[in-house]
Participant: 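Got a structure for you, written out below as structure tokens; questions coming shortly.
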Amino acid sequence: MKSKEKKSKKRVSIGGQAVLEGVYMRGEKAEATAVRDADGVIRVETKRRNAAQRNPFFRFPIVRGVVAFIDSLFGGTKTLMRSAEVYGEGEPTKFEKWIAEKLKINVMTAVSVVSVVLGLALAIALFIFLPQVIRGAFEKWLNGGERFNIWAKNFIEGGVKLLIFALYILSVSMLKDIRRTFMYHGAEHKTITCFERGLDLTVENAKKCPRVHDRCGTTFIVFVLFISIIVMACAESLLGQSVQGVLRVLLKLALLPVVAGLSYELLKLLSKTKSWIVFPLKAPGFLLQLLTTREPDNEMLEVAITSFSAVYEMDNDDSVPERKFELPVKRCDLLQQIKAKLKEHGIDEDAEAEWIVSLTLGIKRDEVNTENLVSVKNVEKINKLVDERITGRPLWYCVGDTDFYGYRIKVDERALIPRPETELLVENALKYIDETKTVLDLCTGSGAIAVAISKETGAKVYASDLSIDALKLAQENEKINGAKIQFVVSDMFESFDTEKFDVIVSNPPYIKSEDIKGLQKEIKDFEPLMALDGGQDGLHFYREIAKNAKKYLKDGGALFLECGQGQAEEIKQIFADFSQVEIIKDYENIDRIIKAVL
């Protein structure tokens, strides 16, 4: 049983590091970074490595360790910054904008370089200069000012370095973001170990694996600390005690590549065996890994598995293409892209682009043209909406609802989209309506008029339409808005018998039959024809209302009808036998509403 289990284990040359809300993995031929963005979606970027084309000299033992050390120093910082871009960490400062615009410098590249330089400076101060100062203090305190021998002073400095490193790890782990990074570090180790044990790469299996690993960078640092003691002691033995102060610091820096190369080779060598004989050499690194790793949650393991799987696939299949991160986009840039795309398809309406961004993000229209970042998830939603809009489908059908008189009205192809001018119809009708009145909304369509009147007045409201589909939509809007409406399937007044109403409101079909084919694509191809066609002259339904309205209006009752441009005077004549007929203009000074009082 043991031999069978041992045979199933796999060796893999994949390693990595934790980044901001993600994990970077690197194999022999490829590398991948998986990051869970602010919307909880895992984003992946992959890249093929040119290691195979590298100068053979760089693959020699020790030399390859120096190359790996430098690569991890700069590449690791760059990857960390890249993950921050994906996660959408904050907005660019004025200083960052100034650098990008005036100096033509990529801010993230500049930050990466500065981070490495500052990191090196801090490392030199903490791990080279400070231990030397502390050792000097020990000499004065414990040895009466007499210098320790070469090996003693190097072991003392090594111990101080190890202590500083442990205290540094403990202090930064108090920061929330660092703790989460350590958890992702644990996820990286568990994932690699899970694969190496021959287990299926699942969250459940990875969760059971240890969070320490032979090839961890933490163990590498421990080896660097110990090997530097030996290398420096040997160098000083050759050069003598005359190397002191700044010269000694410079010597340590000069020997750092040698130390890094030797540490790398030791790490690779020891990782090839699980023998208990070499365990004492691994133990210090494992102990420190308990500080630099934390138990990850399931979502972190999922990210690590995604990153590992991407690298493993590319390492074993040269045909797998590289992938780029989809990154958050500035609102202003996204807005310009949408406007350009809409114009390409004949939709020259800047307002539509603003509405698409505004409604998707839940912000005001005057807030869309800013440099705030839009998450990838929202960019995808917006692009999907734009793609649907350029087919010709009306914007509000694409969105799925619209605002009417302050109420959310669901809209689709079952009924006309409520227009802003219809709000003026409601506004004038409300002057005649209170909770004691009975109101009929004739040709209700989406039910927008009926919903607004019911909610604003508490009146008893009936809503009728010949289209059963339209009435179903109107019922949905009644429920959405908590209105109280009685719906009736009726061809105009056909289904009504003895009912009498204080007010009848209607926005009937009023477009001439022959004019429909000349309407905009989004109207004639998507909105219901029966809600548009007003007959040969567009006035058919007004005549039907005039002929029957008196039978269903109470004495002194009023009619409020919307009409098309240029129709008001003719409609006024149709209702000439009413005691009072008035034409009301809309906000653009167009005759829009007919008010007729019995």
Side-chain angles (χ1 to χ4, degrees), residues 415-416 418 422 424-468 470-471 474-475 477-478 483-510 530-531 533-535 537-564 567-568 570-584 592-598:
L416 287 182
T422 306
L424 185 63
L425 177 69
V426 172
E427 185 179 311
N428 280 275
L430 288 176
K431 296 174 184 177
Y432 271 71
I433 303 170
D434 59 34
E435 62 183 6
T436 66
K437 299 294 191 290
T438 303
V439 182
L440 171 61
D441 175 18
L442 205 59
C443 307
T444 191
S446 66
I449 294 173
V451 166
I453 291 174
S454 172
K455 293 294 292 181
E456 292 292 315
T457 65
K460 185 175 183 180
V461 179
Y462 290 77
S464 70
D465 205 292
L466 178 60
S467 169
I468 294 175
L471 283 177
Q475 287 174 323
N477 283 318
E478 175 199 32
K484 292 183 179 179
I485 303 166
Q486 188 167 330
F487 295 98
V488 181
V489 180
S490 180
D491 184 2
M492 301 305 286
F493 293 100
E494 188 177 71
S495 298
F496 295 93
D497 188 13
T498 58
E499 291 89 345
K500 291 273 189 177
F501 303 98
D502 295 289
V503 175
I504 296 175
V505 183
S506 185
N507 179 20
Y510 53 70
M530 67 180 296
D533 194 345
D537 63 356
L539 304 178
H540 168 74
F541 290 97
Y542 296 97
R543 294 190 184 94
E544 286 295 309
I545 293 171
K547 184 169 67 175
N548 297 287
K550 289 183 179 180
K551 179 180 176 183
Y552 298 99
L553 271 176
K554 296 178 181 178
D555 290 340
L559 274 170
F560 290 90
L561 310 173
E562 185 176 330
C563 63
Q567 294 178 326
E570 289 184 73
I571 296 173
K572 184 177 180 180
Q573 292 304 314
I574 292 173
F575 288 91
D577 58 345
F578 275 64
S579 62
Q580 180 187 340
V581 183
E582 179 184 349
I583 297 173
I584 301 170
R592 184 64 65 186
I593 309 296
I594 301 295
K595 170 186 168 186
V597 180
L598 190 62

Participant: Taking atom CD1 of Ile545 and atom CZ of Arg543, what is their separation to the nearest 0.5 Å?
Facilitator: 12.0 Å

Participant: Stepwise, does the side-chain contact (heavy atoms from CB on, under 4.5 Å) test hold for Ile571 with Tyr510?
Facilitator: CA-CA 11 Å; Ile571 296 173; Tyr510 53 70; over 6 Å; no

Participant: With a cut-off of 6.0 Å (strictly less than), are more than 12 heavy atoms of other residues, nucleotides or ligands near CG of Asp491?
Facilitator: yes

Participant: Specify the closest pair of heavy atoms between Leu471 and Ala463, including all atoms of both residues, with the distance to one decimal.
Facilitator: CD2-O, 4.1 Å

Participant: Out of curiosity, Glu499 CD to Lys551 NZ, how far, rounded to the nearest 0.5 Å?
Facilitator: 10.0 Å

Participant: Roughly how far, to the nearest 0.5 Å, is the CG atom of Asn428 from the CD1 atom of Ile584?
Facilitator: 3.5 Å

Participant: Do Glu544 and Phe493 come close enough that some side-chain heavy atom pair is under 4.5 Å?
Facilitator: no

Participant: Only pairs under 3.5 Å count here: list side-chain donor-acceptor contacts from residues 442-456, not counting sequence neighbours, and write none if there are none.
Facilitator:
residue: Thr444; atom: OG1; partner: Asp441; partner atom: OD2; Å: 2.6
residue: Ser446; atom: OG; partner: Ala448; partner atom: N; Å: 3.4
residue: Ser454; atom: OG; partner: Lys484; partner atom: N; Å: 3.1
residue: Ser454; atom: OG; partner: Lys484; partner atom: O; Å: 3.3
residue: Lys455; atom: NZ; partner: Asn481; partner atom: O; Å: 3.1
residue: Glu456; atom: OE2; partner: Tyr407; partner atom: OH; Å: 2.5

Participant: Could you tell me whether a side-chain N or O of Glu427 sits under 3.5 Å from a main-chain N or O of Leu425, the two making a donor and an acceptor?
Facilitator: no

Participant: For the residue pair Thr436 / Asp434, report whether a side-chain donor-acceptor contact shorter than 3.5 Å exists.
Facilitator: yes

Participant: Around atom NZ of Lys460, are there more than 12 heavy atoms of other residues, nucleotides or ligands at under 6.0 Å?
Facilitator: no

Participant: Phe501 and side chain to side chain contact (heavy atoms under 4.5 Å, CB included): which partner among Leu440, Leu559, Val461?
Facilitator: Leu440

Participant: Under a 3.5 Å distance rule, please check whether Tyr552 uses its side chain to pair with a backbone N or O of Phe496 as donor and acceptor.
Facilitator: yes

Participant: Just wondering, do Asp502 and Ile433 contact through their side chains at under 4.5 Å, heavy atoms?
Facilitator: no

Participant: Closer than 3.5 angstrom, by distance alone: can the side chain of Arg592 be matched with the main-chain N or O of Cys563 as a donor-acceptor pair?
Facilitator: yes

Participant: How about Met492 and Asn548: do any of their side-chain heavy atoms sit closer than 4.5 Å?
Facilitator: no

Participant: Would you say Val503 and Lys437 make side-chain contact, with heavy atoms under 4.5 Å?
Facilitator: no

Participant: Distance from Asp465 atom CG to Ser490 atom OG, nearest 0.5 Å?
Facilitator: 9.0 Å

Participant: Heavy atoms only: give me the nearest Ala596-Phe578 pair and the separation to one decimal.
Facilitator: CB-CD2, 3.9 Å

Participant: Restricting to non-hydrogen atoms, name the atom on Gly538 and the atom on Gln567 that form the minimum distance, rounded to 0.1 Å.
Facilitator: O-NE2, 3.8 Å

Participant: To check you understand the geometry: which heavy-atom pair defines the closest contact between Tyr542 and Pro509, and what is its length?
Facilitator: CE1-O, 4.5 Å

Participant: Would you check if Phe487 and Glu478 make a side-chain contact, meaning some heavy-atom pair closer than 4.5 Å?
Facilitator: yes

Participant: Indicate yes or no: at least one non-hydrogen side-chain atom of Lys550 is less than 4.5 angstrom from one of Leu598.
Facilitator: yes

Participant: Could you check whether any side-chain heavy atom of Val505 comes within less than 4.5 Å of a side-chain heavy atom of Val426, counting everything from C-beta outward?
Facilitator: no

Participant: Any idea which heavy atoms bring Val597 and Gly556 closest together, and the distance?
Facilitator: CG1-O, 3.8 Å

Participant: Looking only at non-hydrogen atoms, find the nearest pair between Phe560 and Ala558 and report the distance.
Facilitator: CE1-CB, 3.8 Å

Participant: Atom CD1 of Ile583 and atom CD1 of Ile594: how far apart are they, to the nearest 0.5 Å?
Facilitator: 4.5 Å

